[in-house]
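Convention: sequence-line order gives letters A, B, ...; per-chain numbering from 1. Here the structure is a predicted model, which is why all the values come from computation and not from measurement.
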Number of protein chains: 2
Amino acid sequence: MANITNIYSGTLADIEKLDGPLSQRVYTALRDAILDMKIAPGEVLRKATICEQFGVSRSPVAEALTRLSGEGLVDVIPQSATRVTRFSLEEIREECFLRDAVEVAAVKRVATTRTDAQLLQLSRNIRLQSLLVEDKDFHGFFEADEAFHAMLLEFTGFRSVAAIAGQLSLQLRRARVLILPEEGRPAETVIEHTAVLDAIRASDEDGAARAMRHHLGQLIVRIEPLEKQYPDFFR
Amino acid sequence: MANITNIYSGTLADIEKLDGPLSQRVYTALRDAILDMKIAPGEVLRKATICEQFGVSRSPVAEALTRLSGEGLVDVIPQSATRVTRFSLEEIREECFLRDAVEVAAVKRVATTRTDAQLLQLSRNIRLQSLLVEDKDFHGFFEADEAFHAMLLEFTGFRSVAAIAGQLSLQLRRARVLILPEEGRPAETVIEHTAVLDAIRASDEDGAARAMRHHLGQLIVRIEPLEKQYPDFFR
DNA sequence: ATATGTCAACTAACATGTTAGCTGTGAACG
DNA sequence: CGTTCACAGCTAACATGTTAGTTGACATAT
């Protein structure tokens with residue numbers, strides 16, 4: 001590793017705008033920055049620097065970093081440094097496997113239990129996706145995409161399964177930011193989402209599973225080339 | 001809430017025996033105690049008390065509790081108290097859903113990729129289970145049971161999928177301690193495990209999936225009556 | 001020139017002092 | 001007798017002082 005480790009100097013969200021305990025605000029601000037790739041993988045996070053930037057003491061920062069470490073978003077090197085975790089293709093493949101397992105199971109269930117109201121909500125979301133793609137609003141599209149998957153998980157009837165499932169593909173979520181601007185991919189995504197919805201509408205359990213599996217399978221194909229494109233982000 | 005909150009006074013593991021940072025040791029000791037139901041659900045954990053018991057200051061204890069909170073093993077009531085999370089059937093059903101999704105996917109994969117060495121390891125484990133059931137060594141059986149499932153997850157070829165998957169069914173693991181001594185259940189469990197292994201040995205993907213689904217389905221059936229048996233442990 | 005040992009500087013980890021928010025008790029009041 | 005409101009006591013949350021481990025630079029020896 002020849003190059004000097006760069007030190008974070010970007011813009012963090014203003015924690016004044018959030019509420020709740022300080023540690024929670026610091027956690028949220030850092031988490032969002034990491035997930036949105038505002039802080040690059042491998043970048044060093046210094047407690048003292050973060051304290052200054054937020055104007056808080058070390059305790060809430062320490063707690064925030066502990067939580068981020070638990071989620072695998074930062075690597076703590078004991079007594080030495082804390083840095084934003086680099087991607088690992090091995091780890092991302094694992095997350096893809098888990099995500100596939102969970103979301104395919106979810107979509108199979110939803111295909112048999114879905115209500116008209118849920119179908120409407122899903123189709124509305126997909127129409128929104130189309131509009132956002134036309135407008136080339138990639139950030140908005142990303143959010144609508146996430147909402148589509150979250151809806152499917154919620155419609156399993158398990159209230160918080162979306163939250164838990166979201167936690168186990170955090171690296172994936174982060175990597176997706178990198179492939180977002182890829183030419184034509186958003187439009188393809190909408191088509192794949194539509195295929196999933198059509199199968200659910202037809203109560204076609206296996207068709208929905210196939211459509212979702214195909215859709216999720218596209219992700220790892222797009223992510224793998226990133227290792228060569230952004231070697232610094234991988235380990 | 002009429003009854004007085006009981007205060008923990010049981011035996012915790014000696015953190016001297018562990019190594020690594022203090023916070024890590026405290027975390028491990030508390031986690032093990034909670035998972036083994038040595039500390040009852042709903043019981044209050046006082047920082048000051050824990051500090052005395054381990055002979056450490058509040059910092060490592062705070063960090064340990066933060067991590068446990070992130071895993072959902074303790075509930076922190078802001079500015080008030082921290083208590084061991086009570087069970088929620090809703091939440092346990094969610095964990096069953098997720099566990100089923102992941103382990104069924106794993107077993108399907110393993111059925112097509114398994115090596116002779118892996119088959120041997122699995123069958124050895126099942127024979128061990130039989131012996132432990134005969135000896136009525138329930139604790140030993142519990143560990144062998146966990147090892148069986150962990151092996152299947154590892155044999156997917158995803159090195160740490162077992163660790164991640166284990167994290168999302170922590171409440172389940174804890175509840176299983178309660179149903180462990182149920183008459184005849186361990187013997188049934190061995191039979192179900194054997195069915196899974198037989199299907200894997202036959203490279204019968206769907207059969208393995210069915211066997212695993214049936215096996216995991218037994219769990220929620222056993223857990224549901226616990227709400228009446230141990231009302232204090234549920235919320 | 002290279003390998004190695006020493007040391008200074010920096011960092012997280014830990015200890016402890018201080019603040020603020022919740023909770024239950026009891027007094028004042030309707 | 002019931003309701004509300006103030007206050008005391010307790011807790012987690014936060015701030016800050018202290019310790020100890022790691023790292024990398026530099027000098028020294030081979």
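Regarding B/E52, its CD atom lies at a distance of 11 Å from the P atom of D/dT11, rounded to whole Å. In this structure, the CD atom of A/Q24 is 16 Å from the P atom of C/dG21, given to the nearest Å. With rounding to whole Å, B/L68 atom CG is found 16 Å from D/dA12 atom C1'. Taking atom CG of B/L45 as the reference point, atom C1' of D/dT11 lies 13 Å away to the nearest angstrom. Atom P of nucleotide C/dA12 and atom CZ of A/R83 are separated by 11 Å, given to the nearest angstrom. We find that CZ of B/R25 is positioned 14 Å from P of C/dA13, with the value rounded to whole Å. In this structure, CD of B/E63 is placed 15 Å from P of D/dC14, rounded to the nearest angstrom. For A/R46 and C/dA9, the CZ to P distance is 16 Å, given to the nearest whole Å.
Between C/dT11, D/dA12, C/dA15, one nucleotide has an atom nearer to the side chain of B/K47 than all others, and that is D/dA12. With distances taken from any side-chain atom of A/R58 to the nucleotides D/dA13, C/dC14, D/dT11, the minimum falls on C/dC14. Distances were taken from every side-chain heavy atom of B/L22 (C-beta onward) to each of C/dC14, D/dA12, D/dA15; the shortest belongs to C/dC14.
With hydrogens and angles ignored, no donor-acceptor pair under 3.5 angstrom links the side chain of A/S80 to the base of C/dA12.
Contacts with DNA chain D (heavy atom under 4.0 Å) in residues 72-79 of chain B: B/V76, B/Q79, listed by number.
In terms of phosphate contacts, B/S59 brings no side-chain nitrogen or oxygen within less than 4.0 Å of OP1 or OP2 of C/dC14. Regarding contacts with the backbone of C/dC14, a side-chain N or O of B/S23 is found under 4.0 angstrom from either OP1 or OP2.
Remark: A/R86 fails to qualify as a cation-pi partner of A/F234 under the 6.0 Å distance and 45° angle criteria applied to the six-membered ring. For the pair B/R174 and B/F87, the cation sits on the ring face: its NZ or CZ lies under 6.0 Å from the ring centre, inside 45° of the axis.
When every heavy atom of B/I179 is checked against every heavy atom of B/L219, the shortest pair comes out as CD1-CD1, 3.5 Å. Considering every non-hydrogen atom in both A/F142 and A/R176, the closest pair reads CE1-CB, 3.8 Å.
Salt bridge B/R222/B/E182: present, at least one basic N to carboxylate O contact under 4.0 Å. Using a cut-off of 4.0 Å between Lys/Arg side-chain N and Asp/Glu carboxylate O, A/R213 and A/E103 are scored as not salt-bridged.
B/H193 and B/H149 have perpendicular rings, their planes meeting at more than 60° on a 0 to 90° scale where under 30° would count as parallel.
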